[in-house]
Amino acid sequence: MKTPLLEVRSLTTQFFTEDGVVRAVEDVNFEIHPGEILSLVGESGCGKSVTGLSLLRLIPIPPGKIMSGELLFEGRDLLGLEEREMERVRGNDISMIFQEPMTSLNPVFTIGNQIMEALQLHQNLDKKEARRRAIEMLDRVKIPSPEVRIDSYPHQLSGGMRQRAMIAMALSCQPKLLIADEPTTALDVTIQAQVLRLLKEIQGEMGMAVMLITHDLGVVSEIADRVAVMYAGRIVESGPIEAIFGEMRHPYTRGLLESIPQLEEKKKRLNAIPGQVPNPMDLPTGCKFHPRCHLMIDDCKKEEPPLYPVNKNHFSRCIRWKECC
Amino acid sequence: MTSFLLRRILQMFITLIGISIISWLIITTAPGGPISLTMDPKISPKIIEQMMKNYDLDKPVYQQYFLWIKKLFTGRLYSFKDGRPVLEKIWERIGNTLLLNLVAMTIIFSLAIPLGVFSARKQYSMMDRLTTFGVFLGLSIPGFWLAYLIILGTVELFGYPVLGMRSFVTEGFGAGEIVMDRIWHLLLPAMIMAIHGLAGLSRYTRSSMLEVIRQDYIRTAKAKGVPEETVYYKHGLRNALLPIVTLFGFLIPGLIGGSIIMESVFAWPGIGRLAYQAVLARDYPVVMTINTITAVLVLLGNFIADLLYGVADPRIRYQ
């Protein structure tokens, strides 16, 4: 098996707030291989965004802190780097795009300016060359008449265009890994599909790896190679996309999939997972999903289950994974 | 843009006329008058009548107003007090006030903005708490009180004069000493005048900056690998300064209008003190002219603030 591009080992990130310690990410392990799209799925507050931000060490400190773990990027532990070295990784080797294209671009600089900034920082390009490359990138993300648009301010662009500009900015230095945190959530459904297709297309051309953070299983099914499902700061199931959608082995994954409305069925109510996402300051004992689980037995309350291997690359954190689903 | 400019200039003109009428009414209806204040009981009513006539005070108030405008624009407006041309009296003091205020403003802006940014970056650190304490102290202490205290202190301790623009006796001073003497006399009032502005502006910068650094685009800039300093001073400050930029416009009236209290305390021969003395003497022509100049500057400052806002924030463009 080829060596992974990024290997995350027992990443634990916590936030120390006035009300108590928020265990946002607990002992998370996964790897991303070159050229693959890994999707991190889960409900709001399950720790998927914090995981993404932790990879780039963008957690606000304080109140946040990466408690432990290793982030091996091409064999080098990112957590051991000096801040200056980390700055050279950000935007260059690993880029990130965010959910809100509305607020994620700086309103007082033109998009060209913002794209050129990364190029000038990491690639030592002069202004003219950086501008040429920025126009090239805008063209690549299919922004019409890029040589004009480059001088637009973010407020002069539509949401979809802004997200394209954001993607152009993130990809300008040809990163090996792109972390996309809910890149389509704030967009119209039709625009969502366009942006996703664009991401997939560019990913194929550039051969980079993508970590796609989303709560939208429809998005996952369209472009992901592998899926990791997160719940209460932990990965509860991970595996290739066919395995997760076809033979899920965790009741939470099943619940998520069942709550997608189906066009064929005419139902009054959507299927929903009963109960609430647990308070991250006061998590249940044992399996964190047991209070909401229909397969719950007494053993579930005692100890946190490990990730059981269903097969070589499919794992489930459920003691009854054999019976599930 | 042109129509916006024309509309604004017309509005300013109308507002100015309104301001001048209202100030005229307030000043002329205020108790006492130029004659009664200087009146010696032994002066005969005839002379008083003659003085009233000279000053146009025998005419109805509305006529006096138009006469004042006419005289102002024909340059034949004279002070009641010493009979000197009003514009000349103002002109000889504008330089002094401008100098004092420019120095104070320079102190304010060059210190307040870095201080505010620093406090925002290191929020709740020891230094942030210390500057916060200092800022509230600066805001709470009345300027005139502090000024008197410092004047007393310097005179007692060093036996060195601080009032006016220079020492009375400069005989035997070398060129260097004369320069130092002038700087000393300038710096002390400027620093005390700067305290309030410095405290307020640094606080303003801090809260504006705190709001900005929580924005998503700051995270984006960091995710791009922009070094932290650049994130704060380029991406952060540029946005945090949007509301502050407009303050430059509002500073203009203060630059020329002067500070009545500080100029009086430090016996600084500026516009503020001239206005104060003119009010006490009911010297209508001087009071009205200074009033009008200040009003023009306030309106102009507002106008410049509007324009600056458009320059600083690309989202604002005037139709």
Side-chain angles (χ1 to χ4, degrees), chain A residues 49 52-53 55-60 62-63 83-111 113-123 151-156 162 165-166 169-173 175 178-179 181 186, chain B residues 1 113 117 119-129 205 208-248 305 307-319:
Chain A
S49 287
L53 288 170
L55 298 190
L56 275 180
R57 289 177 37 191
L58 287 176
I59 298 292
E83 187 56 30
R84 292 271 152 213
E85 295 172 289
M86 196 61 213
E87 280 162 9
R88 280 198 286 275
V89 173
R90 291 185 195 127
N92 194 26
D93 294 318
I94 309 179
S95 278
M96 190 155 181
I97 55 180
F98 300 95
Q99 179 172 344
E100 274 289 339
M102 199 81 192
T103 54
S104 295
L105 289 166
N106 197 324
V108 300
F109 298 112
T110 62
I111 54 165
N113 238 316
Q114 297 184 58
I115 298 171
M116 283 157 64
E117 191 178 21
L119 284 164
Q120 285 172 300
L121 268 172
H122 298 300
Q123 316 260 310
D151 294 317
S152 302
Y153 287 95
H155 72 277
Q156 294 167 322
R162 248 175 264 169
M166 190 75 197
M169 191 170 90
L171 301 185
S172 58
C173 298
L178 173 73
I179 303 170
D181 188 356
Chain B
M1 189 69 192
I113 291 173
V117 175
S119 278
R121 280 185 64 180
K122 310 270 179 208
Q123 195 188 8
Y124 303 135
S125 67
M126 199 58 197
M127 272 310 287
D128 178 36
R129 283 170 206 273
T205 310
S208 181
M209 194 70 187
L210 275 177
E211 198 180 306
V212 165
I213 58 180
R214 296 201 173 93
Q215 297 295 317
D216 288 349
Y217 52 78
I218 294 298
R219 193 180 56 188
T220 307
K222 284 184 184 162
K224 239 191 311 190
V226 178
E228 206 185 317
E229 295 285 311
T230 321
V231 170
Y232 282 106
Y233 281 96
K234 185 179 163 194
H235 292 265
L237 193 57
R238 178 71 202 278
N239 280 284
L241 281 185
L242 291 182
I244 293 166
V245 163
T246 58
L247 286 181
F248 276 108
L307 293 182
L308 278 177
Y309 217 106
V311 172
D313 190 338
R315 287 166 294 185
I316 293 170
R317 290 285 182 261
Y318 300 108
Q319 313 286 316

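Every chain is numbered from 1 and lettered A, B, ... according to where its sequence line falls, protein lines coming before strand lines.
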Mind checking whether A:Thr110 and B:Pro314 have side chains closer than 4.5 Å, heavy atoms only?
no
If you count heavy-atom pairs within less than 4.5 Å of chain B, which of A:Pro154, A:Pro107, A:Pro60 leads?
A:Pro107
What part of A:Met86 gets within 4.5 angstrom of chain B, counting heavy atoms only: side chain, backbone, both, or neither?
neither
Minimal non-hydrogen separation, A:Glu87 against B:Glu228, with atom names:
OE2-N, 3.5 Å
Proximal component of B:Ala312, with respect to chain A [non-hydrogen, under 4.5 Å]:
backbone
With a 4.5 Å heavy-atom cut-off, do A:Asn106 and B:Lys234 have their side chains touching?
no
Please state whether the side chain, the backbone, both or neither of A:Met169 comes within less than 4.5 Å of a heavy atom of chain B.
side chain
Roughly how far, to the nearest 0.5 Å, is CG of B:Asp313 from NE2 of A:His155?
8.0 Å
On a heavy-atom basis, the closest approach of B:Arg219 and A:Leu58 is O-CD1, 4.4 Å
Considering only heavy atoms from C-beta outward, does the side chain of B:Pro227 approach that of A:Arg84 to under 4.5 Å?
yes
Least distance between heavy atoms, A:Leu121 atom then B:Gly225 atom
CD1-O, 3.8 Å
Does B:Glu211 have more than 12 heavy atoms from other residues, nucleotides or ligands lying within 6.0 Å of its CD?
no
So for A:Ile179, is it side chain, backbone, both, or neither that comes closer than 4.5 Å to the heavy atoms of chain B?
neither
Heavy-atom pairs under 4.5 Å with chain B - which of A:Met102, A:Glu100, A:Arg90, A:Gln99 has more of them than the others?
A:Arg90
Between A:Leu105 and chain B, which part of the residue has a heavy atom less than 4.5 Å away: side chain, backbone, both or neither?
backbone
At a 4.5 Å cut-off on heavy atoms, which part of A:Arg57 comes close to chain B: side chain, backbone, both, or neither?
neither
Heavy-atom side-chain proximity of A:Val108 to B:Leu242 below 4.5 angstrom:
yes
Would you call B:Lys224 and A:Gln114 a side-chain contact if the rule is heavy atoms closer than 4.5 Å?
yes
Heavy-atom check, side chain of B:Thr220 versus side chain of A:Met166, under 4.5 Å:
yes
Highest number of heavy-atom pairs under 4.5 Å with chain B: which of A:Gln156, A:Met96, A:Glu117, A:His122?
A:Glu117
